[in-house]
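Report on the structure given below.
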Amino acid sequence: MEERKSILDSKYWQRALEFLFAACIMLGALGDSKSLPLSLKVLSLLTIALGFIVLLVSGDFRRLKKVGSFFGVYGFVLLGILVWSVFLWIMNLETVSFIARGTLKFMYQFFVLLIISAGVYMLGERAIHGTFYGLVAANIIIVLIAVPQFGIADSVNSFIHFFVSFGEQQGLMRELEIHDITFTYGFFLIYFLFFAKRGKERIIDIIISVIFFIIGWKRIALGALPVAILIGFSLGFMKSRTRIMIMNAICWIAILFGFGYVLFIRYDIFNLVMSFFNIDTMGRNEVYDYIQQYYEISVTFIGYGFEYTTVLLQNIMNNFPELKIGVVALHNNILTVYIELGFLGFWAWLIYTWLFQYRWLINHHGEKVAMLFIMCELYIFITYTTDNTLYYYWTSMVLRLMPMAYAMHMPEHNDQFYWPWIKSKIFNRGLEL
């Protein structure tokens, strides 16, 4: 009697599930449009319901265990930040409304973990493609909605001006500056360039990623991605032992850089460098100067808890307009984490993010998965210097999705990759189904 196959083993069901998963992501991502309600983002939670139904039908507990291990590693740091924040909120005698706001906003990060867990359980590595196609579909719809608002002629002029001026956005191109989704294309480019299977689909995906990555035009992302790609390219020419040693070094350098950057801001070196090179910080230097009164470089500085800087800047902008603080976020996640978690909390975050997660990945899932993690983390960590990408919904989702989904990679007999060093002979511990 033949063993009954799970829907996870059926190509037909896999295609159907990938389509449904991508559709849910698309519906949620439409909430990032400036013309549609933000509440649409909640529709992305339909993926969790879909994943739960598939779990009940398939009952693949080996796959569930592997997904659960990632959920635990990702969730532990989030839980630690939340618990420490609650402690700080109580110590600082914050209001109940402030605590409720911070807790509710932080819970979105746990929803992110549930969404990628559902996607990876259902689709394995193809969860990356499902997420990508969902975000791209939403991006295309947002373009189609925006063009009629500005008219064909003005839209074309805006597009031409954008490229002639090397990124100056006005009209339609300003409307298409979708911060959160734009950053995700950097992750997808890393995956498609270095890790995805070779074929027409991969080439098309690379072209689409480049187009929307450029249209979104985030200056820090445009600078950060080439660094990550160059590091990945260089790692490929090294022997395994050397590559692992270099990746370890990258983790330590990132940790030291994180603290060094806080010192860089605190002691006004940032302003000196920006002034020397005549770089427009778009008001960041004024905000950094003002926020200095709220923190110090000391092991006794314990921080204020999650969301403190955002609420502080909102109150200043609303109640003290004469200070001309025209932003409601610090636009510097590294400094934000230091202020909110304090000296010890900041170091714990850096060490867990870079050292613990990297070592856990390389010990449990192999060198290739760890390499993908390093490249993605390096890309996004650079953006933390001038942006708020740490807790962006889609950005944080795709960042965590990459190593989790790729850990499910199953090399086939004729499995080919674009880069010669990404081969099955390099120590890989994929899920055996």
Side-chain angles (χ1 to χ4, degrees), residues 31-32 34 37-39 41-42 77-112 179-180 183 220 258 261-262 265-266 270 281-298 300-350 353 380 383-397:
D32 282 45
K34 297 173 184 177
L38 182 63
S39 57
K41 190 170 288 186
V42 74
V77 65
L78 293 178
L79 185 62
I81 292 173
L82 182 59
V83 170
W84 181 239
S85 292
V86 171
F87 170 75
L88 293 175
W89 291 333
I90 295 172
M91 287 286 293
N92 295 321
L93 302 176
E94 298 292 354
T95 63
V96 175
S97 60
F98 179 91
I99 295 174
R101 170 198 168 105
T103 304
L104 182 62
K105 190 170 181 179
F106 201 77
M107 289 305 294
Y108 286 118
Q109 294 300 309
F110 287 97
F111 289 142
V112 162
H179 302 276
D180 195 353
F183 284 108
I220 187 63
Y261 191 67
V262 174
I265 300 294
R266 176 68 186 184
F270 177 86
T281 65
M282 301 178 71
R284 286 175 174 82
N285 54 332
E286 288 88 352
V287 177
Y288 297 164
D289 288 342
Y290 179 81
I291 207 76
Q292 282 193 10
Q293 61 187 297
Y294 292 95
Y295 72 97
E296 58 187 20
I297 307 299
S298 170
T300 60
F301 174 66
I302 64 172
Y304 300 94
F306 176 72
E307 193 68 357
Y308 177 81
T309 55
T310 300
V311 173
L312 173 66
L313 292 174
Q314 285 179 340
N315 289 338
I316 292 170
M317 189 176 67
N318 294 331
N319 301 323
F320 303 97
E322 67 276 7
L323 295 177
K324 298 181 180 179
I325 302 295
V327 294
V328 294
L330 196 52
H331 290 284
N332 185 329
N333 273 140
I334 294 177
L335 182 59
T336 297
V337 172
Y338 183 84
I339 294 172
E340 294 183 349
L341 299 187
F343 185 94
L344 296 179
F346 178 75
W347 276 97
W349 170 71
L350 283 174
T353 297
I380 204 63
T383 72
Y384 294 166
T385 59
T386 62
D387 221 306
N388 305 305
T389 47
L390 178 60
Y391 296 118
Y392 275 0
Y393 190 74
W394 304 111
T395 303
S396 60
M397 181 187 298

- [ ] Begin from the C-alpha positions of D387 and N333 and carry the test side-chain contact (heavy atoms from CB on, under 4.5 Å) through to its verdict.
- [x] CA-CA 6 Å; D387 221 306; N333 273 140; 5.7 Å; no
- [ ] Mind running side-chain contact (heavy atoms from CB on, under 4.5 Å) on Y304 and N92 for me, showing each step along the way?
- [x] CA-CA 7 Å; Y304 300 94; N92 295 321; 4.0 Å; yes
Open item on the list: Using ring-ring contact (aromatic ring centres under 6.0 Å, His included), reason through Y393 and F111 one step at a time and then give a plain yes or no.
Closed with: CA-CA 9 Å; Y393 190 74; F111 289 142; 8.4 Å; no
Open item on the list: Would N332 and T385 count as a side-chain contact (heavy atoms from CB on, under 4.5 Å) here? Give the steps.
Closed with: CA-CA 5 Å; N332 185 329; T385 59; 5.6 Å; no
- [ ] Show the numbers, then the answer: is there a side-chain contact (heavy atoms from CB on, under 4.5 Å) between Y261 and F270?
- [x] CA-CA 9 Å; Y261 191 67; F270 177 86; 3.8 Å; yes
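The distance from the CD1 atom of I291 to the OG1 atom of T309 is 6.5 Å, given to the nearest 0.5 Å. Distance CD1/I99 to CG/L93: 9.0 Å, rounded to 0.5 Å. Taken from CG in L390 to OG1 in T383, the straight-line distance is 9.0 Å, to the nearest 0.5 Å. Separating the CG atom in L335 from the CD1 atom in I265 is a distance of 6.5 Å, to the nearest 0.5 Å. We find the OH-CD1 distance between Y384 and I334 to be 9.0 Å, quoted to the nearest 0.5 Å. Here F106 contributes atom CZ and I81 contributes atom CD1; the two are 4.5 Å apart, rounded to the nearest 0.5 Å.
Contact of the T300 side chain with the F343 side chain is not registered, since no non-hydrogen atoms from C-beta on lie closer than 4.5 Å. The side-chain heavy atoms of L82 and L78, taken from C-beta on, include no pair separated by under 4.5 Å. Two residues are said to be in side-chain contact when any heavy atoms from C-beta on lie closer than 4.5 Å; V311 and R101 meet this criterion.
Of all non-hydrogen atoms in Y308 and E340, the two that sit nearest each other are N-OE2, 3.2 Å. Scanning both residues, S396 and Q109, for their nearest heavy atoms gives OG-OE1, 3.3 Å. Shortest non-hydrogen contact noted between L313 and L330 is CD1-N, 3.6 Å. Across every non-hydrogen atom of K41 and D32, the tightest pair is CE-OD1, 3.2 Å. The heavy-atom pair separating K105 from E307 by the smallest distance is NZ-OE2, 3.0 Å. Here the shortest heavy-atom pairing between V262 and I297 reads CG1-CD1, 3.7 Å.
Side chain of S85 to backbone of F306: a donor-acceptor contact under 3.5 angstrom is found.
Under the 30°/60° scheme for interplanar angles, the aromatic rings of F183 and Y392 are found to be tilted.
The ring-ring contact (aromatic ring centres under 6.0 Å, His included) test with F346 is passed by exactly one of W84, Y338, F301: Y338.
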